[in-house]
Amino acid sequence: MRNPYRVSGFRFSGVAAGIKKTGKPDLALIVSDVPATTVAAFTTNLARAAPVLVSRKNARSGVCRAIVVNSGNANACTGARGLRDAESMVRATAKALKVPEKHVLVCSTGKIGVPLPIQEIVSRIPRAAKALSRDGLKRSAQAILTTDNGAKLAHAEGKIGGKPYQIAGFAKGAGMIEPHMATMLAYVLTDAFVPKDVLRVLFRNCVDETFNRVTVDGDMSTNDTAVVLANGLAGNRAFKLRTPECRRFAENLYNVMDSLARQMVMDGEGATKCVAIDVRNAKTDADARKIAYAVANSPLVKTSFFGEDPNWGRVLGAAGRARATLNPDRVTIHYGNVCVARRGQSTGVAADRRAKAVMKAPSFTVTFDCRLGRGAFRVYSSDLTLEYVTINSCYRT
């Protein structure tokens, strides 16, 4: 059976570099056999980690051959030493692979404020290079995890002018997720030939519609990075924006990234629910976005999801403080297909009981209808559990 995560011209590895005390893999390589057209998005947090600063500079060329990633240590808030260490990882990777340094990106994730054990990492990079495999994507995916319960994987395939192509993606992220940019770490690889200007538009649109619409805890990481590499080895003809080929490729790219985004919410630290907050008929799209995030990030709302309590008053209360145009007396709220509030008032105890049954599912939708205009926005959120507090109260120790 064909490996769905095997994409022509890409190789992967994941090895242990001694960062994690458990001895689990914590160093990953992603390599394209040929220069790949590259678009990247990075955290908008002003406290940017050293690898973000280095990768932003290298990504400007729009070409990449390799990405080196370590987990267990974010190399964030580490000053000049952190920059030197990130550059050392780039230099060691370029040397091991015999590629230009400017074509290497570097990412890190894990504890903040702790210097990297850079000598151990640099010494393991040649080993990671030797371990590269066309079937190694899952090993790379495992090597970038921190508090995740498991790897996030997605794939799609299609044809452009009769030429088949593959898209595969993997990501990590379980906490510090409300990026307003990308996600913690996400990598999307395709062998399709996509012109740089087209790839830039498609990727950034997909980022905005997927990774920018998830929240676990309302916190933004210092290291958020999302990258797409397109190496063109599928051999398809070039296509332009707003063509049928472009629309089909864009749909596949969106499906991969949307799957990764929803998997991160479902694997949110301690999470038991993935809840879509679907705001409709707001006065503007901007108002819908404000309301959606106010509801999705409300600790009171999120704990009610955990308790499977259709406490719609908390939803309305969160929306009311979103600084968006809102008339509570016009609002209708549904949990799944159950209307629990109409014109801002309860629809009764029986509806609450039916809504509670809806909430027992691991995924469901809360629809918030403002009945004011045509603005709309959807965001995916997780519940807030006792385990989230346990994980984050002693994360460093």
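Keep in mind that this is a model prediction, so the values were computed, not measured. Scope of the values below: all heavy atoms of this structure, side chains included, with no hydrogens, waters or symmetry mates.
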*Can you tell me if Thr78 and Arg81 form a side-chain donor-acceptor pair at under 3.5 Å?*
no
*asked:* Using every non-hydrogen atom in the two residues, find where Arg262 and Tyr380 come nearest and quote the distance to one decimal.
replied: CD-CZ, 3.5 Å
_Minimum-distance pair of heavy atoms, taken over all atoms of Leu384 and Phe306_ = O-CB, 3.5 Å
*So, for Ala129 and Ala96, which heavy atoms are closest and what is the spacing to 0.1 Å?*
CB-CB, 4.0 Å
*Check whether Leu300 and Val275 end up in the same hydrophobic cluster, where Ile, Leu, Val, Met, Phe, Trp and Tyr are linked by side-chain heavy atoms less than 4.5 Å apart.*
no
_Counting C-beta onward and ignoring hydrogens, is there a side-chain heavy-atom pair between Leu326 and Ile291 closer than 4.5 Å?_
yes
_Suppose we screen for ring pair (Phe, Tyr, Trp, His ring centres under 6.0 Å). Which residues come up paired with Tyr5, at least two apart in sequence or across chains?_
His155
*Could you walk me through whether Arg237 and Glu245 pass the salt bridge (charged side-chain N to carboxylate O under 4.0 Å, His left out) check?*
CA-CA 10 Å; Arg237 64 173 181 260; Glu245 295 92 342; 2.7 Å; yes
*Measure from the side-chain N and O atoms of Asn281 to the backbone N and O of Cys370, and report whether any donor-acceptor pair falls under 3.5 Å.*
no
_Co-membership, hydrophobic cluster, residues Val188 and Tyr254, 4.5 Å side-chain_ = no
*Measure across Ala128 and Ser13 and return the closest heavy-atom pair with its distance rounded to 0.1 Å.*
O-OG, 2.8 Å
_Would a single hydrophobic cluster contain both Leu199 and Val63, if residues Ile, Leu, Val, Met, Phe, Trp and Tyr are joined by side-chain heavy-atom contacts under 4.5 Å?_
no
*Polar contact flag, side-chain donor to acceptor under 3.5 angstrom, Asp258-Thr210*: no
*Please check if atom CD in Glu209 has more than 12 non-hydrogen atoms from other residues, nucleotides or ligands closer than 6.0 Å.*
yes
*Taking 4.0 angstrom as the limit, do Asp33 and Arg11 come out as a salt bridge?*
yes
*Donor-acceptor under 3.5 Å (Asn75 side chain, Ser108 main chain)*: no
*Cationic N near anionic O, under 4.0 Å, Arg378 to Asp278*: yes
*asked:* Run the salt bridge (charged side-chain N to carboxylate O under 4.0 Å, His left out) test on Arg343 and Asp329 for me, step by step, so that the C-alpha distance in whole Å, both residues' side-chain angles and the decisive distance to 0.1 Å come before the verdict.
replied: CA-CA 5 Å; Arg343 297 185 180 89; Asp329 293 334; over 6 Å; no
*Looking only at heavy atoms, what is the nearest atom pair of Ala192 and Ala230, with distance?*
O-CB, 3.6 Å
*Measure up the Phe249 and Phe239 rings against each other and bin them: parallel (under 30°), tilted (30 to 60°), perpendicular (over 60°).*
tilted
_Would you say Lys172 and Thr109 are linked by a side-chain donor-acceptor pair, where the criterion is simply a distance under 3.5 Å?_
yes
*Shortest non-hydrogen contact from Glu87 to Lys57?*
OE2-NZ, 4.4 Å
*Show which residues join Leu97 in its hydrophobic cluster (side-chain heavy-atom contacts under 4.5 Å, direct or indirect), or state none.*
Val15, Ile19, Leu27, Leu29, Val31, Leu53, Val54, Val68, Leu83, Met89, Val90, Val99, Val104, Val106, Leu116, Ile118, Ile121, Val122, Ile125, Leu132
*Quick one: does Gln263's side chain have a donor or acceptor within less than 3.5 Å of a partner on Leu153's backbone?*
yes
*Backbone N or O of Leu233 within a donor-acceptor pair of the Ser8 side chain at under 3.5 Å?*
no
*Whether Thr43 side chain and Thr222 backbone form a donor-acceptor pair below 3.5 Å*: no
*asked:* I want to check a possible cation-pi pair here: Arg134 against Phe12, using under 6.0 Å from ring centre and within 45° of the ring axis as the test.
replied: no
_Using 30° and 60° as the class boundaries, would you call the ring planes of Phe377 and Tyr293 parallel, tilted or perpendicular?_
tilted
*Determine whether more than 12 heavy atoms belonging to other residues, nucleotides or ligands lie under 6.0 Å from atom CZ of Arg342.*
no
*Step by step, work out the salt bridge (charged side-chain N to carboxylate O under 4.0 Å, His left out) result for Lys360 and Glu308.*
CA-CA 6 Å; Lys360 291 187 178 300; Glu308 299 174 353; 3.2 Å; yes
*Give a yes or no answer on whether the side chain of Asn73 reaches the backbone of Gly110 with a donor-acceptor pair at less than 3.5 Å.*
no
*Hydrophobic clusters join Ile, Leu, Val, Met, Phe, Trp and Tyr when side-chain heavy atoms are under 4.5 Å apart, directly or via other members; which others share one with Phe193?*
none
